[in-house]
Amino acid sequence: MAEEAEKSIRVRKMFGAIAGRYDFLNHFLSANFDRFWRQACVREVAKRLPSGISRIVDVGCGTADLSLAFSGMGPVFGCDFCQPMLRIGAEKVSKKHIHPISLLGADALALPFFSESFDVAVSAFVLRNLSDMDQGLREMRRILRPGGVLGILDFGIPQNSMMAGLYRFYFQKILPKLGNLISGVNGPYGYLPNSVESFPPAGELKRMIEDAGFRDVEYRLLTGGVAVLLVASC
Ligand SMILES: C[S@@+](CC[C@H](N)C(=O)[O-])C[C@H]1O[C@@H](n2cnc3c(N)ncnc32)[C@H](O)[C@@H]1O
């Protein structure tokens, strides 16, 4: 328990320290692929929903890029436990959105929403940061109505061994140095490759999502497996 609380505090502090440079670094270090992955998430989730307006929750919304990407589908509630990330997100959503986006401080492990109150729950690059991934998935399941859709986006490791080698070289040798240099903070961009290496592969994530009570879990490897997108229904 103390270990879990310690991880939460560490993660929150880390994102607080880099919040001001997070968006720039996200787009720069992923060569803008992150935008394409978020759009892929919107498309795959939308395929499972009837047309019309949906109520969406973006768990660990950070600076609200995924909330913005989903705001064409209906009102979005973005929640995150790091206030500096939310503040940057709030500036962005005040400028452009289609349906309303509300951002609030909340812990992904104890979401402040009634059960079965959303049509869609999405979360990008968050799961591997949680001190209890199963609890995070159970919370998203709890707040989704029957027939609701889950969309999870995160980093993976490419399956092709040559690409995996290049990717590991970039992730372990280049990205931490660039990240530390640009963010001006030592540490967070060294944590990223470690957290990705210890993150379960797509097949195992699929099983975890099923164990949390979802059905029809499908996954797609994006950009050769650099990112993985999982979609499931309730
Ligand atoms: C890598 S960022 C991703 C942000 C955003 N989803 C995106 O796509 O850019 C991870 C975010 O998850 C948030 N986070 C991590 N653990 C959390 C928790 N237990 N509850 C709420 N937010 C959490 C962090 O504060 C951070 O903003």
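Keep in mind that this is a model prediction, so the values were computed, not measured. Counting starts at 1 for both ligands and their atoms, following the listed order.
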Any non-hydrogen atom of [X] lying under 4.0 Å from ligand 1?
| X | result |
| --- | --- |
| Cys61 | yes |
| Asp65 | no |
| Arg12 | no |
| Gly16 | no |
| Val11 | yes |

Could you tell me which atoms of ligand 1, counted from 1 in the order shown, lie closer than 4.0 angstrom to a heavy atom of [X]?
| X | value |
| --- | --- |
| Phe125 | 1 (C), 2 (S), 3 (C), 8 (O), 10 (C) |
| Cys82 | 25 (O) |
| Tyr22 | 1 (C), 2 (S), 3 (C), 4 (C), 7 (C), 9 (O) |
| Asn26 | 9 (O) |

Under a 4.0 Å heavy-atom limit, does [X] contact ligand 1 with its side chain, its backbone, both, or neither?
| X | result |
| --- | --- |
| Phe81 | both |
| Leu66 | neither |
| Leu130 | side chain |
| Val59 | neither |
| Ser8 | neither |

Quick check: does any side chain N or O of Arg168 sit under 3.5 Å from a backbone N or O of Ile157, one acting as donor and the other as acceptor?
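Not confirmed, Arg168 side chain does not pair with Ile157 backbone.
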Do Ser67 side-chain atoms and Asp58 backbone N/O form a donor-acceptor pair below 3.5 Å?
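Absent.
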Write down the atom of Asn32, the atom of Arg35, and the distance for their closest heavy-atom approach.
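So the minimum-distance heavy-atom pair works out to OD1-NE, 2.8 Å.
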Exercise: do Ser54 and Asp119 side chains pair donor with acceptor under 3.5 Å:
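Distance-only check fails for Ser54 and Asp119.
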Measure from atom 13 (C) of ligand 1 to every heavy atom in Leu86, Asp80, Leu127, Asp154 and give the option owning the shortest one.
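When every heavy atom of Leu86, Asp80, Leu127, Asp154 is considered, Asp80 comes closest to atom 13 (C) of ligand 1.
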Can Val217 be reached from Leu205 by stepping across I, L, V, M, F, W or Y side chains whose heavy atoms are under 4.5 Å apart?
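Per the 4.5 Å side-chain linkage, Leu205 and Val217 are co-clustered.
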Test side chain to side chain contact (heavy atoms under 4.5 Å, CB included) applied to Val122 and Ile152, Val149, Val42, Val45, the passing residue:
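Exactly one option meets the side chain to side chain contact (heavy atoms under 4.5 Å, CB included) with Val122, and it is Val45.
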Spacing of OG1 belonging to Thr63 relative to CG belonging to Asp23, to within rounding of 0.5 Å:
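Result: 3.5 Å between the selected atoms.
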